[in-house]
Every structure is written in structure tokens, then in C-alpha cells.
Amino acid sequence: MKLTLLPLAALAAVASAQNQPVLGEDTVKISEHVWAIMGWPNIAIVVGNTATLVVDTGLGPRNGATIARVAAKLAPGNRKLYLTTTHFHPEHAGGEAGFPPNTILIRDAAQQREMEARGQEMIAMFAGRSPQQKELLAGATLRTPDITFDTEAAVDLGGATARLLWFGGAHTKGDLLTFVEPDRTLVSGDVVQNKVVPNIFGDGGTPSSWLAVLDKVQALNVLHVLPDHSAPGDGSMVVMEKQFIGDLRTRALELKQKGVSADDAGKQLGAEFKTRYSDWPNMNVAGFVRSVYAER
Ligand SMILES: [Zn+2]
């Protein structure tokens, strides 16, 4: 019986990089101005001639401090450090306290409202998941941003510009996208991922608002994509995300029309999409199908 555990252990080892909540200092270059620390979640560091922007904090202050150290190493001469967060969940925003005190924190107003309403509650929830997460989240604080914006803020980094964009609700209400020019690199959070079934958190977005966001993303003409919980890729990830959500929504609405229950539709479409998108590692579509059923 022990032998059956071996392949599982091997699989777990392969997947573990993306599940690693203690971030290391190794970086991967995504494009001319963009580096990434790969982990849970992936962190983007955008380096200009005069300023640096970090996207996401990691889980808790210790990870935040690691990222700040890496950012300083990548661009020792840059005197300004900006920080933004893809959404308000603790592994993306709960490490802010680890950054230097003069870090300029900036996020969209929709995300900040979610943070004020539920940020603390989410930190407590994540801390309850394991002793490790509890330890990492010790000392996590949620300070008021220096800058909030409604739909777009352009951060001039010197020779590169990061456009911080709020296109509407998707995974959460406040999903923030970072589009780096001239690289045409999108730091996509959960909004565009690499072969990962989308997930709407609570009353975050809806399947149709997510599709509307993707229409706007498509208009950016993206060349590189760095998602938060999967591997980086090229602009075809945007098309793939749109196709998958559109497909799943269409099929779920057909089954709803026929009177199939949401639970049964989830099971049926899980099997159907496993065949249709055979190279996706996971095909648990039940949650998203429920979101489609709930929408209308
Ligand atoms: Zn999330």
C-alpha cells in the first residue's frame, strides 16, 4: 500500500513551488522591466530607471520583507518603491508591514472597500488554516493606502510605465491589473490564469462581469502574462481564459434551461470539460457553474 503513495508524493513535489508560502529570493525575468518571484503567490517586481513597483506582498510581513530586499537588489539606485496588490486576500496583501515605511501603497478604491469590509476577517481565516500560516501572518496590518484610484493610475517608473487598471469585478470586486509599457506585460492576478479553472470569491464578480473585464484586457494587446497562481505565458492566455469562461457559461446556461440542477450541471460539465481541455491539471468547475446559475 505504501507504494501507491509514491506517485502522489512525486506529484506533490512538482506542484509544491506554486504552493510555497515562504517566498525565496530567486527571480525569473518575464520581460525587459519585469521580474517575478515564483511561489504562492507569484510576485511581480517592475523595475524602471528611477522607481520600482512591487505587485503583491506574499503572506505576511516576513514575505513582504523578502520581496522588498529582492526589489532593492534588482535596482539599488531606485529611491522610490511603489506597492500595489492584485486583490485583498491575505497572500496578496497581508505582507505590507514587511515593506519599508516610505513605500508608496496604491490600490483601486473597489479593492480598498473590500479590504476595509473583510480584510481583517480573511487574515484571521487564513491564520486558522495552519500553524505555519498563523506564524507568517503574525504582525500583519492593513494600513490606509497613500493613493487610491477609481479606474486607472499610471505609475511612471522612469523608462517604463505601470498602468494600474480596475476593469470591474472578476475573482473579487476589486481585482487590479497591472499593464507594463513598453513591455506589454500584464500582471494578471486571478483574472487571467494559465489553465486554472476560474473562481469567483463570494459575491466578487459574476461570470459576465469577468467576461467584460477580459474584453477590456484583450484591447490592451498583451504580449506577456504573469498570473498569481500559475505559470507565466504569452498573450494567448487572455484568449484562452475568455474562451474557457465563455464556453463554460454557455454550457451551464443550456443545462439550466433544461432544468438540470446546479450540482448535477457541475458534475456533468466537470467531466465534459476534462475531455475538452484535457491538458488542464484540475477541472473542478462546480463553483463556477453555481456562479453562472446564480447570475440569472
Ligand atoms: Zn484570491
inquiry  = By the side-chain hydrogen bond (donor to acceptor under 3.5 Å, both in side chains) test, which pairs, at least two apart or in different chains, include something from residues 22-33?
reply    = Glu25-Arg69, Glu25-Lys73, Ser31-Asp183, Ser31-Thr185, His33-Asp183

request  = Give a yes or no on this: more than 12 heavy atoms of other residues, nucleotides or ligands lie within 6.0 Å of atom CZ of Arg249.
outcome  = yes

message = Asp247 vs Tyr277, test: side-chain contact (heavy atoms from CB on, under 4.5 Å). Steps then yes/no.
response = CA-CA 11 Å; Asp247 250 15; Tyr277 295 84; 2.8 Å; yes

message = Please determine whether side-chain contact (heavy atoms from CB on, under 4.5 Å) holds for the pair Phe179 and Glu152, giving the CA-CA distance in whole Å, both sets of side-chain angles, and the decisive distance to 0.1 Å.
response = CA-CA 11 Å; Phe179 187 57; Glu152 175 162 359; over 6 Å; no

query = Can Leu165 be reached from Val238 by stepping across I, L, V, M, F, W or Y side chains whose heavy atoms are under 4.5 Å apart?
reply = yes

note = Joining Ile, Leu, Val, Met, Phe, Trp and Tyr whenever any side-chain heavy atoms lie under 4.5 Å apart, the cluster holding Leu223 also takes in none

message = Nearest 0.5 angstrom please: Ser188 OG to His224 NE2, how far?
response = 13.5 Å

query = Are Phe244 and Leu255 co-members of a hydrophobic cluster defined by side-chain heavy atoms under 4.5 Å apart?
reply = yes

Let me check something: any side-chain donor-acceptor pairs from residues 81-94 under 3.5 Å, sequence neighbours excluded? List them with distances.
{"residue": "Thr84", "atom": "OG1", "partner": "Ile106", "partner atom": "O", "Å": "2.7"}
{"residue": "Thr85", "atom": "OG1", "partner": "Arg107", "partner atom": "NE", "Å": "3.0"}
{"residue": "Thr85", "atom": "OG1", "partner": "Arg107", "partner atom": "NH2", "Å": "3.3"}
{"residue": "Thr85", "atom": "OG1", "partner": "Gln111", "partner atom": "OE1", "Å": "2.4"}
{"residue": "Thr86", "atom": "OG1", "partner": "Asp56", "partner atom": "OD1", "Å": "3.2"}
{"residue": "Thr86", "atom": "OG1", "partner": "Asp56", "partner atom": "OD2", "Å": "3.0"}
{"residue": "Thr86", "atom": "OG1", "partner": "His92", "partner atom": "ND1", "Å": "3.4"}
{"residue": "His87", "atom": "NE2", "partner": "His89", "partner atom": "ND1", "Å": "3.3"}
{"residue": "His87", "atom": "NE2", "partner": "His92", "partner atom": "NE2", "Å": "3.4"}
{"residue": "His87", "atom": "NE2", "partner": "His171", "partner atom": "NE2", "Å": "3.4"}
{"residue": "Glu91", "atom": "OE2", "partner": "His229", "partner atom": "NE2", "Å": "3.4"}
{"residue": "His92", "atom": "ND1", "partner": "Asp56", "partner atom": "OD2", "Å": "2.7"}
{"residue": "His92", "atom": "NE2", "partner": "His229", "partner atom": "NE2", "Å": "3.1"}

key: Closest non-hydrogen atom pair between Pro198 and Ile245, with its separation   = CG-CG1, 3.7 Å

remark   = Across all chains, not counting sequence neighbours, the side-chain hydrogen bond (donor to acceptor under 3.5 Å, both in side chains) partners of Asp156 are none

N/O donor-acceptor pair under 3.5 Å between Asn63 side chain and Leu23 backbone = yes

message = With a 3.5 Å distance limit and no angle check, can you tell me whether Asp234 reaches the backbone of Ser236 through a side-chain donor-acceptor pair?
response = yes

note = What one should report as the nearest heavy-atom pair of Leu105 and Arg143 is CB-NH2, 3.6 Å

ask   = Does any N or O in the side chain of Glu96 come within less than 3.5 Å of the main-chain N or O of Gly64, such that one atom is a donor and the other an acceptor?
value = no

remark   = Nearest heavy-atom contact between Ala252 and Val289 is CB-CG1, 4.3 Å

message = Donor-acceptor pair, distance only, cut-off 3.5 Å: does the side chain of Trp35 make one with the backbone of Ala71?
response = no

request  = With rounding to the nearest 0.5 Å, note down the distance linking NZ in Lys134 to CZ in Arg129.
outcome  = 15.5 Å

task = Search all heavy atoms of Ile200 against all heavy atoms of Ala170 and return the closest pair with its distance.
result = CG1-O, 3.7 Å

key: Straight-line distance of Gln132 CD to Leu59 CG, nearest 0.5 Å   = 8.5 Å

ask   = Can you list the steps and then say if Gln20 with Met38 is a side-chain contact (heavy atoms from CB on, under 4.5 Å)?
value = CA-CA 9 Å; Gln20 178 50 256; Met38 305 306 290; over 6 Å; no

query = Can you tell me how far the CG atom of Asn42 sits from the CG atom of Asp228, to the nearest 0.5 Å?
reply = 7.0 Å

message = Applying a strict under-4.5 Å side-chain criterion to I, L, V, M, F, W and Y, I'd like to know whether Val197 and Leu253 cluster together.
response = yes

message = Would you compute the distance between atom OG1 of Thr144 and atom CD1 of Ile147 and round it to the nearest 0.5 angstrom?
response = 13.5 Å

task = For the pair Ser209 (side chain) and Gly169 (backbone), establish whether a donor and an acceptor sit closer than 3.5 Å, ignoring hydrogens and angles.
result = yes

inquiry  = Is it the case that the side chains of Thr172 and Asp175 hold a donor-acceptor pair, with the cut-off being a distance below 3.5 Å and no angle test?
reply    = yes

ask   = Thr52 versus Ile45: any side-chain heavy-atom pair under 4.5 Å?
value = yes

query = Side-chain heavy atoms under 4.5 angstrom apart, residues restricted to Ile, Leu, Val, Met, Phe, Trp, Tyr: same cluster for Trp210 and Val222?
reply = yes

Kindly list each side-chain donor-acceptor pair under 3.5 angstrom involving residues 265-275, sequence neighbours excluded, with atom names and distances?
{"residue": "Glu272", "atom": "OE1", "partner": "Arg251", "partner atom": "NE", "Å": "3.4"}
{"residue": "Glu272", "atom": "OE1", "partner": "Arg251", "partner atom": "NH2", "Å": "2.9"}
{"residue": "Glu272", "atom": "OE2", "partner": "Arg251", "partner atom": "NE", "Å": "2.7"}
{"residue": "Glu272", "atom": "OE2", "partner": "Arg276", "partner atom": "NH2", "Å": "2.8"}
{"residue": "Thr275", "atom": "OG1", "partner": "Ala271", "partner atom": "O", "Å": "3.3"}

task = Can you measure from OG1 (Thr50) to CG (Leu157) and round to the nearest 0.5 angstrom?
result = 6.5 Å

Please tabulate, one pair per line, all N/O donor-acceptor pairs under 3.5 Å involving side-chain atoms of residues 212-221, not counting sequence neighbours.
{"residue": "Asp215", "atom": "OD1", "partner": "Lys242", "partner atom": "NZ", "Å": "2.8"}
{"residue": "Lys216", "atom": "NZ", "partner": "Phe167", "partner atom": "O", "Å": "3.3"}
{"residue": "Gln218", "atom": "OE1", "partner": "Lys242", "partner atom": "NZ", "Å": "2.7"}
{"residue": "Asn221", "atom": "OD1", "partner": "Arg184", "partner atom": "NH2", "Å": "3.4"}

Atom CG of Asp150: over 12 foreign heavy atoms under 6.0 Å = no

ask   = Within the side chain of Lys195, is there an N or O that forms a donor-acceptor pair under 3.5 Å with the backbone of Pro281?
value = no

message = Does any part of the side chain of Leu177, heavy atoms only, come nearer than 4.5 Å to the side chain of Leu186, both counted from C-beta?
response = yes

query = Given Glu114 and Phe201, is the side-chain contact (heavy atoms from CB on, under 4.5 Å) satisfied, shown in steps?
reply = CA-CA 12 Å; Glu114 283 180 304; Phe201 175 81; 5.7 Å; no

task = Treating Ile, Leu, Val, Met, Phe, Trp and Tyr as nodes and any side-chain heavy-atom pair under 4.5 angstrom as an edge, say whether Leu176 and Val155 lie in one connected cluster.
result = yes

task = Please name the pair of heavy atoms, one in Pro232 and one in Pro227, separated by the smallest distance, quoted to 0.1 Å.
result = CA-CD, 3.7 Å

note = For Ala162 and Thr178, the nearest pair of non-hydrogen atoms, with its separation, is CB-CG2, 4.1 Å

query = Under the 3.5 angstrom rule, does the side chain of Asn194 hit a backbone N or O of Ala231 as a donor-acceptor pair?
reply = yes

key: Ser261 and Asp263 side chains, donor-acceptor separation under 3.5 Å   = no

